[in-house]
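Below you'll find the structure, written out as C-alpha cells, and then a few comments.
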Amino acid sequence: MSWMEKDEEKLLQRSFFFGIGGIIACLLPLFNNYGRFTDYEYLHILTGIGIGVQLFALSIAVLVLRKRKISQETKEKAQRMTIALAFSLIFFFLI
C-alpha cells in the first residue's frame with residue numbers, strides 16, 4: 001500500500017508525532033548547552049537527526065496537501081502543520 005492510499009487523518013497524526021519527536025531531539029542539545037546536564041560531547045548529533053525527522057514530517061504534511069479529494073478541515077490542518085514545521089526548521093537552522 002502506497003502512502004497516497006493511506007487515510008489523511010492517520011498521515012497527519014504521524015506527521016505530528018514525527019514533528020514533535022524532531023523538535024524534542026533538536027531541543028535536547030540546546031538545553032544541554034545552557035544547563036550542562038551531561039558532558040557527552042557528541043550530543044549535537046541529535047540536532048541533525050531532529051532536523052531530518054522534521055523534514056520527514058514536513059514531507060508527510062505536504063503529501064497530504066497534494067492529495068486530490070480531501071476535506072477542507074483536513075486541508076487546513078495540513079497547512080497549519082506545514083507552517084509550524086517550516087518555522088521550527090528555520091529556527092533550528094538559525095541556531
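Numbering starts at 1 and runs along the sequence shown. Everything quoted here is computed from the prediction, not taken from an experiment.
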Evaluate Glu8 against Lys77 for salt bridge (charged side-chain N to carboxylate O under 4.0 Å, His left out), listing each step before the verdict.
CA-CA 10 Å; Glu8 296 90 18; Lys77 284 182 186 178; over 6 Å; no
Please test Ser71 against Thr74 for side-chain contact (heavy atoms from CB on, under 4.5 Å), starting from the C-alpha separation and ending with a verdict.
CA-CA 5 Å; Ser71 67; Thr74 306; 2.9 Å; yes
Contact check, side chains of Lys75 and Lys67, non-hydrogen atoms, under 4.5 Å
no
According to a hydrophobic-cluster definition based on side-chain heavy atoms being under 4.5 Å apart (Ile, Leu, Val, Met, Phe, Trp, Tyr only), do Leu27 and Phe87 belong together?
no
Test of understanding: clusters of I, L, V, M, F, W, Y form through side-chain heavy atoms closer than 4.5 Å, transitively. Do Ile83 and Leu89 belong to the same one?
no
Any side-chain to backbone donor/acceptor pair from Ser15 onto Leu11? Under 3.5 Å, distance only.
no
Of all the heavy-atom pairs spanning Met81 and Leu12, show the shortest one and how long it is.
CE-O, 3.9 Å
Out of curiosity, Leu85 CG to Ile90 CD1, how far, rounded to the nearest 0.5 Å?
11.0 Å
Contacts of Ile95 meeting side chain to side chain contact (heavy atoms under 4.5 Å, CB included) (sequence neighbours excluded), chain-then-number -> Leu30, Phe91, Phe92
Residue pairs, two or more places apart or on separate chains, that pass side chain to side chain donor-acceptor pair (under 3.5 Å) and touch residues 19-34:
none
Kindly list each side-chain donor-acceptor pair under 3.5 angstrom involving residues 43-65, sequence neighbours excluded, with atom names and distances?
| from | atom 1 | to | atom 2 | distance (Å) |
| --- | --- | --- | --- | --- |
| Gln54 | OE1 | Ser88 | OG | 2.9 |
| Gln54 | NE2 | Gly22 | O | 3.3 |
| Ser59 | OG | Phe56 | O | 2.6 |

